[in-house]
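In the text below, chain A, chain B and the rest are named by the order of the sequence lines, each starting its count at 1. Only this structure's heavy atoms are used, side chains among them; waters, hydrogens and symmetry mates stay out.
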Amino acid sequence: MIDIEFIRQHPDEVREKSAQKSYPVDVEAILKLDTEYRELLGTVEALRAKRNEIAGRMKGGKPSKDDINEGKQVKVELAEREGYLAESETALAAQLKKVPNMPLAEVPVGASEDENKVVKTVGEPTKFDFEPKNHAQIGEQNDWIDKERATKVAGARFTYLKGPIVLLQFAIMQWVMSVLTSETTLQKIIDDNDLKVSAKPFIPVIPPAIVKTDAYKATGRLNEEEVTYKLVGDEEQWLNASAEHTLCNIYMGETLLADTLPRRFIGYSTSFRKEAGTYGKDMEGIIRLHQFDKLEMESFTTPEDGANEHAFMIAIQEYLVTQLGLPYRMLQKCTFDIGFPNASGWDLEVWVPTQNKYRETHSADFMADFQARGLNTRVKSKDGKIVFANTNDATAFALGRIMAFIIENYQTADGQVRIPEVLRQFMGGVEQI
RNA sequence: GGAGGGGUCGCCUAGUGGCCUAUGGCGCCGCCUUGGAAAGGCGGUUUGGGGGCAACUCCAUCGAGGGUUCAAAUCCCUCUCCCUCCGCCA
């Protein structure tokens with residue numbers, strides 16, 4: 001959520017930047033509601049003061065009939081005004097929720113994803129001296145990916161992953177955990193990228209896979225139509241669509257002491273998505289499924305450290321993809337594409353030989369204090385000042401998707417797959433599957 | 001699933017309708033005292049919001065939300081979390 005005070009101070013900026021993000025906002029209507037709300041609040045508070053005064057008069061001694069009658073009158077009037085106040089507050093809150101986060105100044109202005117800025121391209125598209133197969137073909141012929149039987153059992157867009165590909169997934173998970181929990185490795189990434197952040201390690205987390213409605217709504221990520229599965233027969237619980245959705249709200253309603261920050265988590269969760277509106281897209285293989293496993297970074301910082309933390313997460317993503325030896329490019333997303341709660345967003349795309357293009361594998365989202373305001377996650381500094389925290393989240397790996405692209409880039413002429421160097425120690429030294 | 005007991009301002013705690021603008025202790029901050037400290041003394045110490053240039057002032061806040069009442073930490077209802085016991089269980 002955005003700060004109403006910010007809208008009062010910068011109405012033009014809010015109007016302009018919201019439009020740039022393709023979430024047009026009626027700023028005048030909000031300010032009018034805000035004025036009305038504060039007027040009503042004044043009335044209600046005056047009545048409450050009167051109620052308190054009358055009750056105060058009756059302390060100790062015997063209540064007088066006049067006082068009781070006056071109190072009754074106030075009670076009736078107060079009930080009526082409080083009703084109006086509640087309506088006004090609801091209306092204002094509903095409008096405020098429609099205001100997106102303001103993009104940082106450096107975010108390119110753009111009206112479609114075509115205007116995302118390619119920051120750099122690293123490595124050459126993988127070359128083969130044979131006709132490469134796509135990961136679905138390789139997966140099927142090696143019996144690593146069984147979609148037909150999964151469809152029979154669970155429905156479309158589910159798979160059985162079997163054999164070496166499962167060991168590969170666990171190897172990636174082990175490797176990522178080893179990187180993110182190592183202060184030495186993190187310090188190296190920080191030094192190599194000239195960043196100004198602490199090297200405090202990430203804490204591995206297995207979060208709940210189910211989220212209550214309140215906690216989900218507070219993240220701003222609940223999307224019933226297109227993404228989030230509701231549990232059958234239960235109005236109040238949803239299936240997690242990303243570890244982020246159960247990590248960003250971990251400190252909901254809490255105030256953290258500044259000297260305990262940053263708090264960094266690397267979460268592992270099976271994630272569930274409806275994928276509505278994607279019919280026909282990416283139907284082959286394991287690029288887009290209703291269920292997939294994901295490693296997700298989440299971090300809570302002070303407002304001062306938020307933007308640096310964002311840069312750090314992007315650097316970690318780049319490190320991970322580089323270590324896997326995959327060709328990639330890095331995008332700074334434009335105002336249209338960064339998403340409603342974002343102040344900034346970067347993507348990393350990996351080369352996919354059989355599609356002859358780069359495909360998104362990573363995104364890094366910086367929310368500034370927007371998400372924390374909705375979650376009421378705050379930071380208390382040494383001098384006692386309390387402000388909203390800054391939050392960052394970023395993909396470590398969507399495991400299905402990265403394995404698909406490892407398979408495609410590392411395939412051999414005889415339909416096998418070489419294992420990237422860094423993963424071998426986590427696969428018992430196996431070099432090829 | 002069943003039966004009980006709890007949740008009070010960082011921590012512990014008093015508080016069964018008006019004397020609660022919530023008690024006391026610990027911790028923390030400031031001042032006094034001291035060469036400096038300790039001890040002691042005095043004062044302060046939840047959070048959010050409204051009004052005001054400000055001093056200040058008002059409102060809300062005793063797990064959350066409703067209700068009863070002129071008046072609720074206190075009584076009633078719903079929810080939630082924690083603890084103890086029973087049952088079931090990977």
Self-check item: SB check A/Arg401 A/Glu360 (cutoff 4.0 Å)
Solution: no
Quiz item: In the strands shown, is B/rC28 matched to any nucleotide by a Watson-Crick or G-U wobble pair with both distances under 3.5 Å, and which?
Solution: B/rG44
Practice problem: Specify whether A/Phe265 and A/Tyr251 have parallel, tilted or perpendicular ring planes, treating 30° as the upper limit for parallel and 60° as the lower limit for perpendicular. | Solution: tilted
Self-check item: Passing option when A/Glu309 is tested against A/Arg264, A/Lys200, A/Arg263 for salt bridge (Lys or Arg N to Asp or Glu O under 4.0 Å)
Solution: A/Arg264
Self-check item: Minimum-distance nucleotide (side-chain atoms of A/Arg48 versus B/rC59, B/rC70, B/rG51)
Solution: B/rC59
Quiz prompt | Pair partner, B/rU69 [Watson-Crick or wobble, under 3.5 Å] | solution = none
Self-check item: A/Arg378 side-chain proximity, nearest of B/rG48, B/rG50, B/rG18
Solution: B/rG48
Quiz prompt | Nearest to side-chain heavy atoms of A/Ile386, which nucleotide of B/rU47, B/rG18, B/rU80 | solution = B/rU47
Self-check item: Nucleotide B/rG63, atom P - distance to CG of A/Asp214 in whole Å
Solution: 19 Å
Practice problem: Assess whether one donor atom and one acceptor atom, taken from the side chain of A/Glu45 and the base of B/rG49, lie less than 3.5 Å apart. | Solution: yes
Quiz item: Across all strands shown, which nucleotide pairs with B/rG15 by Watson-Crick or G-U wobble geometry, both distances under 3.5 Å?
Solution: B/rU8
Exercise. Starting from the 5' end of RNA chain B, give me the residue, A/Lys380 or A/Ala49, whose nearest nucleotide shows up first.
Key: A/Lys380
